[in-house]
Amino acid sequence: MKKWIYLCGAACLSLALLTACGQGQNTPAAGTNEIPEGAETLTCRVVREDDGSLLLARIDGGKSDVYTAVFRGLEVEEGDLVDVTFSGGIQETYPAQLGEVLQVTVRQEGFDDLCDLYLEVLDDLMEEDRALAQGITQLGLDLSKTRLTPAERSAVALALGEEENLPVVEGTWQELVDQGYINGEELIWEDGLFLSIEEKEKTAEDQVTFNAQAWRSGLGARFFTDCTSTRSANGHWSDYKVGAHAVS
């Protein structure tokens with residue numbers, strides 16, 4: 001995966017963790033023996049990991065509950081659930097920055113790398129037809145019809161924007177029309193590309209079937225239809241298979 005640095009301009013929080021640990025173990029910061037009164041703990045999904053730099057989505061949060069951090073001496077992978085205990089409050093930047101991190105725990109259960117799977121799908125859509133994105137200055141993204149949480153969807157949008165070096169606007173096609181991004185009368189987005197993934201009827205917890213599209217206009221779009229992926233017992237989603245390709 002490409003290295004990423006957030007366009008939003010918020011500086012990543014450095015979480016100095018000096019003791020390496022395996023999954024399910026606690027890693028306190030240097031000099032920390034006890035968790036002080038008033039400390040908070042957030043449970044987050046690791047959406048992106050790159051050489052210790054993490055993009056986190058609060059598991060029970062809303063679309064703005066996305067954080068960046070740097071973990072040192074802690075083995076994590078995309079899809080892990082982590083409990084982050086911190087003091088000092090939360091700086092209201094976007095992504096948000098936590099106060100002093102006191103302890104980090106990687107949970108043994110709850111792994112799910114669906115965010116990573118959908119980022120792969122979006123990357124493939126972009127690479128499949130680069131001419132479709134020629135001259136664009138922004139991306140639109142709709143993941144509202146997937147099982148991802150609001151925070152996970154926003155974290156995926158941030159990661160996608162970093163990979164493409166473009167701002168990403170979240171919303172459905174109609175919402176982007178209503179907001180003036182897409183010309184709904186002429187069916188064209190002159191300086192943007194609309195991406196979406198829509199899951200089909202849910203049949204099982206360990207399987208997902210979905211359609212994906214990259215849309216620029218009524219005569220410029222690419223579709224992946226009836227895509228499928230299966231989740232293993234350890235939570236990893238398999239490489240997806242495309243049922244059919246279509247263009248317009």
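Atoms considered below: every heavy atom in the structure, side chains included; atoms not considered: hydrogens, waters and symmetry mates.
Minimum interatomic distance between Val47 and Glu78 (heavy atoms only, all atoms of both residues): O-CG, 3.7 Å. Scanning all heavy atoms of the two residues, the minimum distance from Ala151 to Gly62 falls at CB-O, 3.2 Å. When all heavy atoms of Val76 and Asp80 are compared, the closest pair comes out as CA-OD2, 3.4 Å. Considering every non-hydrogen atom in both Leu148 and Cys115, the closest pair reads CD2-SG, 3.8 Å. In terms of heavy atoms, Ser229 sits closest to Ser238 at OG-O, 2.8 Å. Heavy atoms only, all atoms of each residue included: Gly218 and Ser248 are closest at O-OG, 3.7 Å.
No side-chain heavy atom of Leu143 sits under 4.5 Å from any side-chain heavy atom of Glu170. Looking at Met126 and Leu193, their side chains come closer than 4.5 Å, going by heavy atoms from C-beta outward. In this structure the side chain of Leu119 reaches within 4.5 angstrom of the side chain of Leu160, judged on heavy atoms. Counting only heavy atoms from C-beta outward, the side chains of Leu114 and Glu199 approach each other to under 4.5 Å. At a threshold of 4.5 Å between non-hydrogen side-chain atoms, the residues Val46 and Leu56 count as touching. Here the side chains of Asp124 and Tyr240 are in contact, with some heavy-atom distance below 4.5 Å. Residues Asn234 and Phe111 fail the side-chain proximity criterion, which asks for heavy atoms closer than 4.5 Å. When side chains are defined from C-beta on, Asp239 counts as touching Glu120, because their heavy atoms get closer than 4.5 Å.
The line from CG of Leu125 to CZ of Arg222 is 8.5 Å long, rounded to the nearest 0.5 Å. The distance from the CD atom of Glu49 to the CD atom of Glu77 is 9.0 Å, given to the nearest 0.5 Å. Taken from CD1 in Ile136 to CD in Glu164, the straight-line distance is 7.0 Å, to the nearest 0.5 Å. In this structure, CG on Leu132 lies 7.5 Å from OG on Ser217, to the nearest 0.5 angstrom. The CZ atom of Arg216 lies 8.5 Å from the CD atom of Glu190; values are rounded to the nearest 0.5 Å. The distance from the CG atom of Leu122 to the CG atom of Leu117 is 9.5 Å, given to the nearest 0.5 Å.
Applying the ring pair (Phe, Tyr, Trp, His ring centres under 6.0 Å) test between Trp215 and each of Trp173, Tyr181, Phe194 identifies Trp173 as the sole match.
Checking Arg45 against Thr149 by side-chain atom types alone, no donor-acceptor pair falls below 3.5 Å.
A single hydrophobic cluster is not seen to contain both Leu42 and Ile59; linkage of ILVMFWY side chains at heavy-atom distances under 4.5 Å, directly or through other members, places them apart. One hydrophobic cluster holds both Val242 and Leu195 under the rule that ILVMFWY side chains link at heavy-atom gaps under 4.5 Å. No path of Ile, Leu, Val, Met, Phe, Trp and Tyr side chains, each step under 4.5 Å between heavy atoms, connects Val169 with Ile188, placing them in separate hydrophobic clusters. A continuous path of ILVMFWY side-chain contacts below 4.5 Å connects Val84 to Val106, so both sit in one hydrophobic cluster. Both Leu166 and Val66 are part of a single hydrophobic cluster, where members link through side-chain heavy atoms under 4.5 Å apart.
Ring pair Phe210/Tyr118 is perpendicular by interplanar angle, where above 60° counts as perpendicular and below 30° as parallel. Aromatic ring pairs are classed by plane angle as parallel below 30°, tilted from 30° to 60° and perpendicular above 60°; the pair Phe224 and His245 is perpendicular.
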**Request:** Please report the C-alpha distance between Asp142 and Arg153 in whole Å, then the side-chain angles of each, then the deciding distance to 0.1 Å, and finally whether the salt bridge (Lys or Arg N to Asp or Glu O under 4.0 Å) criterion is met.
**Result:** CA-CA 8 Å; Asp142 179 17; Arg153 298 197 296 263; over 6 Å; no

**Item:** Pair Thr43-Arg107, side chain to side chain contact (heavy atoms under 4.5 Å, CB included): steps then yes or no
**Value:** CA-CA 9 Å; Thr43 300; Arg107 294 194 176 191; 3.3 Å; yes

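At least one donor-acceptor pair closer than 3.5 Å links the side chain of Asp113 to the backbone N or O of Trp237. A donor-acceptor pair is defined here as one N or O able to donate and one able to accept, closer than 3.5 Å; no such pair exists between the side chain of Asn211 and the backbone of Gln213. Within the 3.5 Å criterion, the main-chain N or O of Ser64 finds no donor-acceptor partner in the side chain of Ser154.
Under a cut-off of 6.0 angstrom, the local environment of CD in Gln174 is crowded, with over 12 non-hydrogen atoms contributed by other residues, nucleotides or ligands.
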